[in-house]
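To start, the structure under review is shown below, and the notes come after it.
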Number of protein chains: 2
Amino acid sequence: MSSILTAIQEKHEGLNRQEQNLARYILDHSQQVVTMGITDLAEQSQTSTATISRFCKTFHFQGFTDFKMKLSTELVQMPSNATYQDIVAGNPMDRIVQAVEANHLRSIADTTRLIDFKQLKLAVDALHKAKQVDLYGVGTSSVVTQDFYQKLVRIGKRSTAFPDPHMQITSASALSTGDVAIAISYSGETPETIHSLQSAQERGATTISLTKYGSNTLSNISDIRLFSSTLEEGMRRGDMASRIGQLHVIDIIFTCLVSEHFHELVPTLERSYQMVKQYTYKGRDN
Amino acid sequence: MSSILTAIQEKHEGLNRQEQNLARYILDHSQQVVTMGITDLAEQSQTSTATISRFCKTFHFQGFTDFKMKLSTELVQMPSNATYQDIVAGNPMDRIVQAVEANHLRSIADTTRLIDFKQLKLAVDALHKAKQVDLYGVGTSSVVTQDFYQKLVRIGKRSTAFPDPHMQITSASALSTGDVAIAISYSGETPETIHSLQSAQERGATTISLTKYGSNTLSNISDIRLFSSTLEEGMRRGDMASRIGQLHVIDIIFTCLVSEHFHELVPTLERSYQMVKQYTYKGRDN
DNA sequence: TTTAAAAAAGAAAATTATTTTCATAAATAT
DNA sequence: ATATTTATGAAAATAATTTTCTTTTTTAAA
């Protein structure tokens, strides 16, 4: 625990009655306290602003503001217990910006915590060995497959990412042992995607799934299981965070792949970059 | 450097005279600033408390106190999220995961600080009024246009997002006054994308650009200018963060649009959700 | 017990910090 | 050259924090 909170805990018995109440409140709600004003804290902790001000001086802070600052600095590494926020009617723009930012930051942080290094390593190795990579996903997930497709092309890996489910199954039937099929579906229950991955598996391909965390059909039938963070139930309108989490996983796989086989892959990556630049003469990136 | 200081640095040219003086002072004395009051800072930086207060809101902090708090937090945890990290050879997987996470978190934080609410509002209004929305982008950026396309379709907004530049220009020629064209290019110098947006503009459409922050051709020719955070120079292999920043902006626009016209748009959104669910019988999302 | 003294605690006043308003100056467009 | 917009600081308004002062509670001594 942080040194400030430890100090408060240790000194607890030596404090006055109201100071003890305050101390307990701070220990129980440290995360919130740093965002509160002295008036709110007085109300919440059933004490008074005067007590709080004195309390801070007791612990040799310049005052309440100084205390909050130092505490906040100490708490930075602690996990936040915020929740994903859905879109609601008529929010002011600054609230929306804040909410979307929080959702995305959280999705990335949560997804990172869910990564299973064993599964990740298996995925990276399978991709490296694959002669051919198939990517399956419909709707929102097809955007993610397109993204991965673009990356794989740049390192010279043969791959396909058809947005059309029929083409996906058709492509799956052309795979063979040693090839890799990756299926992406947030729910893990999209029938088209499941069928495509099943077909790929029947052809002997190594199958990888990327779904929300927890048991689901797609994940259960696949050889290698990757996950992105799970949103609150019933989040439909503001479910954009799930896609960010999926892309985050894709980026991690890709980065690991390139880093591990750096000398083999980077020249190709570099060449593709130069070629595009040259072809579009004036342009740099896109 | 911290994401807040980076944002201040990036936006420097776009600020007013006194705001620039303030920005320079903060960049040069970041460590002291977090301990100063607004009056001291006004005096030291030769500006006024009003300018400082406004400055903090420009960067989407709640106010000066909030700014100090966030800055102080960042200055402490700097070493880990110091700069965007490129892919290097033979990094262990846990380092890679950390690095990718840091890049993505930073990209989202940086991009949020760069948002100009006036431009955002203009973009949201233009989209709401548009009969037809065209999306232009090639390569990596085409994935982002696909993503936005999917969202717009779900709220019943007519739009197109061809990955083929020829089709993009062709589509542009069918636009008219009141329609909207959005062009996405990280560098802002992709010729195909610039041409498409120019064509759209000639047809009388309202043009919106989404590029890296700073002056660039695409941004300069467009009516409404949106930006995502700028990566370190020469980041090619690990430039995945730019796409995350762009998607972040897209999500913010979309969320603002839906929130502002909630009762008009959410039924359509809800219906599209139900229809897909029903059609794919077993599936839920994708 | 009762009472005096000391400590604790909150209400309210005073102080300090921050934000907003408003008038003016500077810049930009017409 | 003039109108309009934008930027800015002074000052007013508001908010946050600290201090003072009074009341209450506790402790100690008679």
Side-chain angles (χ1 to χ4, degrees), chain A residues 4 8 11-26 29 32-73 92-95 98, chain B residues 4 8 11-26 29 32-73 115-122 215 220 223-225:
Chain A
I4 294 173
I8 293 175
K11 211 167 178 175
H12 194 269
E13 296 311 310
L15 298 169
N16 300 322
R17 184 174 49 81
Q18 282 297 73
E19 287 180 329
Q20 288 193 7
N21 291 340
L22 176 59
R24 203 163 306 117
Y25 186 89
I26 293 172
H29 307 83
Q32 287 107 293
V33 168
V34 297
T35 66
M36 289 185 194
I38 197 169
T39 323
D40 299 338
L41 179 55
E43 202 172 290
Q44 293 298 117
S45 63
Q46 314 256 47
T47 62
S48 67
T49 62
T51 301
I52 294 170
S53 189
R54 281 189 291 253
F55 177 89
C56 294
K57 304 241 159 133
T58 308
F59 284 93
H60 312 303
F61 296 102
Q62 276 177 226
F64 179 64
T65 312
D66 185 45
F67 165 73
K68 263 201 308 191
M69 199 88 138
K70 302 256 166 76
L71 181 60
S72 139
T73 300
M93 276 199 327
D94 57 344
R95 300 300 310 279
Q98 263 190 326
Chain B
I4 294 172
I8 292 175
K11 210 166 181 175
H12 193 269
E13 296 311 309
L15 297 170
N16 300 323
R17 185 174 50 79
Q18 283 297 76
E19 288 179 330
Q20 289 193 6
N21 292 339
L22 176 60
R24 204 162 307 119
Y25 186 89
I26 293 172
H29 307 82
Q32 287 108 291
V33 168
V34 297
T35 66
M36 289 185 195
I38 199 170
T39 321
D40 300 338
L41 179 55
E43 202 171 292
Q44 292 299 117
S45 64
Q46 313 255 45
T47 62
S48 66
T49 62
T51 301
I52 295 172
S53 188
R54 280 189 293 253
F55 178 91
C56 295
K57 303 239 158 129
T58 307
F59 285 92
H60 314 307
F61 296 100
Q62 278 176 225
F64 178 65
T65 313
D66 185 44
F67 164 73
K68 267 199 308 190
M69 200 87 140
K70 302 255 167 74
L71 181 59
S72 143
T73 301
I115 288 168
D116 180 332
F117 278 19
K118 279 210 199 92
Q119 299 288 306
L120 176 59
K121 184 83 175 72
L122 288 173
S215 178
N220 292 341
D223 301 322
I224 301 171
R225 291 150 202 203

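Remember, it's a predicted structure, so these values are computed and weren't measured experimentally. Residue numbers start from 1 in every chain, and the chains themselves are labelled A, B, ... in the order their sequence lines are given, proteins ahead of strands.
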| Which of the following nucleotides, D/dG9, D/dT19, C/dA9, is nearest to the side chain of B/A50? | D/dG9

| task | Measure up the A/F59 and A/F55 rings against each other and bin them: parallel (under 30°), tilted (30 to 60°), perpendicular (over 60°). | result | tilted

| Side-chain N or O of B/N16 closer than 4.0 Å to phosphate OP1/OP2 of D/dT8 | yes

| query | Is there a side-chain contact (heavy atoms from CB on, under 4.5 Å) between B/F64 and B/T49 once you walk through the steps? | reply | CA-CA 10 Å; B/F64 178 65; B/T49 62; over 6 Å; no

| Length of the CD-P vector between B/Q46 and D/dA10, whole Å | 12 Å

| request: Determine the interplanar angle of the B/Y25 and B/H29 rings, folded into 0 to 90°, and report it as parallel if under 30°, tilted if 30 to 60°, perpendicular if over 60°. | output: parallel

| remark: A/K57 atom NZ is separated from C/dA8 atom C1', nearest whole Å, by 17 Å

| query | Nearest-Å distance, CD (B/Q20) to P (C/dA27)? | reply | 13 Å

| request: Assign B/T49 to base, sugar-phosphate, or nothing according to its heavy-atom contacts below 4.0 angstrom with the strands shown. | output: base

| note | When rounded to whole Å, the CZ to C1' distance for the pair A/F64 and D/dT18 reads 13 Å

| request: Would you mind classifying the nucleic acid contact of A/R54 as base, sugar-phosphate or nothing, using non-hydrogen atoms under 4.0 angstrom? | output: base

| said: Side-chain N or O of B/T65 versus OP1/OP2 of C/dA17: is the shortest distance under 4.0 Å? | reply: no

| Within 45° of the ring axis of A/F61 and under 6.0 Å from its six-membered ring centre, is that where the NZ or CZ of A/K70 lies? | no

| request: Can you tell me the distance, in whole Å, between the CG atom of A/D40 and the C1' atom of D/dA15? | output: 11 Å

| Is B/T51 touching bases, backbone alone, or none of the nucleic acid, heavy atoms closer than 4.0 Å? | sugar-phosphate

| To the nearest Å, how far apart are A/L41 CG and D/dA15 C1'? | 16 Å

| query | Taking atom C1' of C/dT20 as reference, at what distance in whole Å does atom CD1 of B/I38 sit? | reply | 12 Å

| task | Would you indicate which nucleotide in D/dT20, C/dA9, D/dT17 comes nearest to any side-chain atom of A/R17? | result | C/dA9

| query | Under 3.5 Å, is there a donor-acceptor pair linking the side chains of B/S215 and B/N220? | reply | yes

| request: May I have the distance from B/M36 (atom CE) to C/dT18 (atom P), rounded to whole angstrom? | output: 12 Å

